[in-house]
Asks: 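The following block contains the structure, expressed as structure tokens.
A quick note: this is a predicted structure, and the numbers were derived from the prediction, not measured. Atom set for the values below is all heavy atoms of this structure, side chains included, hydrogens, waters and symmetry mates excluded.
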Amino acid sequence: MKFNYTAILLSFFISVFSYCQVTTQWGPEGFVKIQNESGGFNANLEAGDRFSRDHDQAGDVNGDGIIDIVIGARSDDDGETDAGAVYIVFMNADGTVQSNQKISMLEGGFNETLNESNFFGYGVAGIGDYDGDGIPDIAVSAPSSSNIALYIIHLNADGTVKNFVKNANIIAQGLSAVGDLNNDGKIDLVACDPNSDLGGINRGAINILFFDNNAQVITNSTVNISSTNGGFGTGLVDNDRFGGREVAMLGDIDNDGTLEMAVGAFMSDGGKGAIWILSLDNITFNVLSKVKITEGLNGFSDILTDAANPNGTSGASFGHALCKVGDLNGDGVPDLMTGANQQNEGWGYILYLNADKTVKTYTRISNVDGGFGLTLEAEERFSRSISFIGDLKGDGTIAVNYGGGAVGTGTLYLLFFKPCEFTQQSGFNHWSGGSTLFTNWSHSAQSLTSDSLTFEQCTFKAFETDAAYLTYNFNDGRCICKDSSAVLTNSTELSTAFTNDCFSGFLSTGLDEINIENQTIAYPNPTGSELIIQTNFNSFTEQDKVTVYSIDGRQLFSSMVNSKQSKVDLSDYPNGSYIIVTEINQTKKSFKVLKN
């Protein structure tokens, strides 16, 4: 995926954090709420349709250069009560909806007879171009009633059905595209069956599905992973509902030759929920080892509820949905988004992973946390479904979809995340004076006033408060966010001072107005041809330079920097994304620049 590759390159260009001057963190850049008559979506949804029960990127179906989305509405009543439907949603680059095409028993050319409570659209997945006509296709499940099936639907460019292949008796209460595992040129799928009784009541299971050239499931190649199959072994108990609604293929995060897959068990531990990260053999795809993540285990320390819910269940449902999002903190390890959709109004989580498959740290996305300014309703069940969309805008940001809206027709929240650089000031310093926008530290008592924060959690506080400056102490986890009137002061307590380069005041002013040392910026971005590198360093050496890399890591151009303003000519290079690295006065800084 484009984003993942870029994040890996950025971590390559920037030194390991403890030695570098700049670290890139991904943070909030707004959201679009998509529901009936909101966000450009008009589809005459009815109460209880369960719109956004599952969703995925569908690729560029209509060929306009913008990623489109497939969204399930598994309780739509076209033809029969709860027969189900899906929508092909054609997107604008800003996250709003351009138009949509419904596919049901009555619309979109889907000539199939669905039954009452078939729940067509319970699981959906974008699978790429299965029939080789240049138009992406989708997979849709109908896991209930007497017509249980998994459909491979070949699309026309207008989102209607060209034709479809029915795979009968495939149960999938969730679907996930996991890439081409067997290298046959087709994207493979995982069908989630959390109600499976293999090994015990509702212990759950997943099935890794492979397809032949006719889009039929190759039955004798299917890999079942459950309490009794696929090498999982012990760990699951009755009612864990292993499999959840989605899985996330993480890749080989520990570089040992195995593939890591995250699988939820959302009713585990009394309903609090859990995630299993499985290491799979890259030939048999059986489980070689596993790590369980839940409250108080393997690095995840948040407190999950086990209280009764209005729908008759108990607990937070942590791990109900999962989504791989790439490396959001620049440590070289892909990270994971999940949620606890019955924790209050529903909480989303970014789990920053270690290479050993444990959790390094986490941040929350909710009404209070995350910096998006969400106004979720009580019992909304935000995060009951999650999907990675990618660089929808074409500017280096990423879009991630979160399903919610348990009351009413259903809602999809399209969240944008942007890369932000935090520039570390040399030596031990802190920001003093000015207005304090957030702190967990009492200077008078010389102690924490609330929980110690990790660096990732502290940067999110800077995002949330639009802080210009951040002071962080790696020894005790103190985090202090200040406005732009603060001044840099020597720290006797071994704190470290950072500048939030995404602070809105810095983005809207010129460099001469920024009262801070060691600042370098690149503009305009995007650019048509010429890029300006501007710095307020006053002296230069032969080692000071600017280098241009292609997105695949090839060095394209390098020149010395010997003045406060330099120009880089990109006119001879094709449109697309480039990585610009400046090294001035032993300070390295990286920019992702879009040429259009």
Asks: Does a side chain donor of either Asn298 or Thr358 reach within less than 3.5 Å of an acceptor in the other side chain?
Replies: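 Thr358 and Asn298 do not have a side-chain donor-acceptor pair below 3.5 Å.
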Asks: Do other residues, nucleotides or ligands put more than 12 heavy atoms under 6.0 Å from Gln565 CD?
Replies: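 It does: Gln565 CD has more than 12 such atoms within range.
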Asks: Hey, what do you get for NZ (Lys545) to CG (Asn562), rounding to the nearest 0.5 Å?
Replies: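 Rounded to the nearest 0.5 Å, the NZ-CG separation comes to 14.5 Å.
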Asks: Flag the pair Glu260 / Asp254 as yes when at least one side-chain heavy-atom distance between them is below 4.5 Å, and no otherwise.
Replies: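 With C-beta onward as the side chain, the pair touches.
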Asks: As a test of understanding, state which of Ile71, Val97, Val32 forms a side chain to side chain contact (heavy atoms under 4.5 Å, CB included) with Leu412.
Replies: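 When Ile71, Val97, Val32 are each tested with Leu412, the side chain to side chain contact (heavy atoms under 4.5 Å, CB included) holds only for Ile71.
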Asks: Can Lys186 and Asp180 be counted as an ion pair, charged N to O under 4.0 angstrom?
Replies: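 No, this pair does not count.
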Asks: Going by distance alone, is a donor N or O of one side chain under 3.5 Å from an acceptor N or O of the other, for Lys595 and Asn575?
Replies: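 Result is yes, a qualifying pair exists.
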Asks: Nearest 0.5 angstrom please: Met261 CE to Leu250 CG, how far?
Replies: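 Answer rounded to 0.5 Å: 9.0 Å.
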Asks: Is Asp252 reaching over with its side chain to a backbone N or O of Asn255, donor-acceptor style, under 3.5 angstrom?
Replies: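 Yes, Asp252 side chain to Asn255 backbone: donor-acceptor pair under 3.5 Å.
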Asks: Are Phe41 and Tyr87, when compared by the centres of their aromatic rings, separated by less than 6.0 Å?
Replies: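 Yes - the distance between ring centres of Phe41 and Tyr87 falls below the 6.0 Å cut-off.
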Asks: When the aromatic ring centroids of Phe417 and Phe31 are compared, is their separation below 6.0 Å?
Replies: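 They do not qualify: ring centres at least 6.0 Å apart.
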Asks: Step through it carefully: locate the ring centre of Phe382, locate the ring centre of Tyr402, and say whether they are under 6.0 Å apart.
Replies: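 Ring centres of Tyr402 and Phe382 closer than 6.0 Å.
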Asks: Between Ser279 and Lys357, is there a side-chain donor-acceptor contact under 3.5 Å, judged purely by atom types and distance?
Replies: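 Judged by distance alone, the side chains do pair up.
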Asks: Under 3.5 Å, is there a donor on one side chain and an acceptor on the other for His55 and Ser387?
Replies: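 Yes, side-chain donor-acceptor contact under 3.5 Å.
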Asks: Please check if any side-chain donor atom of Lys482 sits under 3.5 Å from a side-chain acceptor atom of Ser435, or the reverse.
Replies: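 No, no side-chain donor-acceptor contact under 3.5 Å.
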Asks: Using distance alone, with no hydrogens and no angle criterion, decide if Ser571 and Ser529 have a side-chain donor and acceptor under 3.5 Å apart.
Replies: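 No, Ser529 and Ser571 have no side-chain donor paired with an acceptor closer than 3.5 Å.
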Asks: Taking the six-membered ring of Phe537, is NZ or CZ of Lys564 closer than 6.0 Å to its centre and within 45° of its axis?
Replies: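 No.
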Asks: Return yes if a side-chain donor-acceptor contact under 3.5 Å exists between Gln25 and Asn329, otherwise no.
Replies: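 No, because no side-chain N or O of Gln25 sits under 3.5 Å from a partner of the opposite role on Asn329.
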Asks: Does the Lys NZ or Arg CZ of Lys461 fall within the cation-pi geometry relative to Phe438 - under 6.0 Å from the ring centre and within 45° of the axis?
Replies: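 Verdict for Phe438: a cation-pi partner in Lys461.
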Asks: Looking at CD1 of Ile66 and CD1 of Ile389, how far apart are the two atoms once the value is rounded to the nearest 0.5 Å?
Replies: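 CD1 of Ile389 is found 13.5 Å from CD1 of Ile66.
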Asks: Strictly under 6.0 Å, is that where the ring centroids of Phe455 and Tyr472 end up?
Replies: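 Under 6.0 Å, so yes.
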Asks: Between Cys458 and Cys479, is the SG gap short of 2.5 Å?
Replies: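 Yes.
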Asks: Could you tell me whether the side chain of Asp129 reaches within less than 4.5 Å of the side chain of Asp137, counting heavy atoms only?
Replies: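 The answer is yes; the side chains approach within 4.5 Å.
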Asks: Among side-chain atoms of Tyr352 and Asp327, is any donor-acceptor pair under 3.5 angstrom?
Replies: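 Per modelled atom types, Tyr352 and Asp327 side chains form no pair under 3.5 Å.
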Asks: Phe460 and Tyr362: aromatic ring centres closer than 6.0 Å?
Replies: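 No: the rings miss the under 6.0 Å criterion.
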Asks: Is any side-chain heavy atom of Lys360 less than 4.5 Å from a side-chain heavy atom of Asp331?
Replies: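 Yes, at least one pair of side-chain atoms sits under 4.5 Å.
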Asks: Quick check: closest heavy atoms across Tyr573 and Leu556, and the distance to 0.1 Å?
Replies: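 What the structure gives for the nearest pair is OH-O, 3.3 Å.
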Asks: Would you mind telling me which of Asn490, Asn475, Asn473 makes a side-chain hydrogen bond (donor to acceptor under 3.5 Å, both in side chains) with Ser495?
Replies: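 Of the listed residues Asn490, Asn475, Asn473, the side-chain hydrogen bond (donor to acceptor under 3.5 Å, both in side chains) partner of Ser495 is Asn473.
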Asks: For the pair Thr527 and Leu570, evaluate side chain to side chain contact (heavy atoms under 4.5 Å, CB included) and give the outcome as yes or no after the intermediate values.
Replies: CA-CA 9 Å; Thr527 181; Leu570 298 177; 4.1 Å; yes
Asks: Check whether any side-chain heavy atom of Leu259 sits under 4.5 Å from a side-chain heavy atom of Phe285, and report yes or no.
Replies: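 Answer yes - side chains close enough.
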Asks: Can the ring centroids of Phe463 and Phe372 be said to lie less than 6.0 angstrom from one another?
Replies: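 No, ring centres 6.0 Å or more apart.
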Asks: Would you say that Trp26 contacts Ile398 through its side chain, given a criterion of any heavy-atom pair below 4.5 Å between the two side chains?
Replies: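 Yes - at least one pair of side-chain heavy atoms lies under 4.5 Å apart.
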Asks: Measure the CG-CG distance between Asn429 and Leu488 for me, rounded to the nearest 0.5 Å.
Replies: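 Here the rounded value is 4.0 Å.
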Asks: Is the backbone of Gly394 close enough, under 3.5 Å, to the side chain of Asp391 for a donor and an acceptor to pair up by distance?
Replies: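 Yes; judged by distance alone, with no hydrogens or angles, the pair exists.
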Asks: Are Leu278 and Val263 side-chain neighbours, meaning at least one heavy-atom pair lies under 4.5 Å?
Replies: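 They are in contact (side-chain heavy atoms under 4.5 Å apart), so the answer is yes.
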Asks: Only one of Thr363, Asp302, Thr338 clears side-chain hydrogen bond (donor to acceptor under 3.5 Å, both in side chains) with Tyr349; which?
Replies: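 Between Tyr349 and the candidates, side-chain hydrogen bond (donor to acceptor under 3.5 Å, both in side chains) is satisfied uniquely by Asp302.
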Asks: Less than 4.5 Å apart, side chain to side chain, heavy atoms only: is that true for His154 and Ile135?
Replies: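 No, their side chains stay 4.5 Å or more apart.
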Asks: Distance alone, cut at 3.5 Å: any donor-acceptor contact between the side chains of Thr423 and Thr499?
Replies: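 Per modelled atom types, Thr423 and Thr499 side chains form no pair under 3.5 Å.
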Asks: Is there side-chain contact between Asp281 and Thr258, with heavy atoms separated by less than 4.5 Å?
Replies: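 SC-SC contact between Asp281 and Thr258 ruled out.
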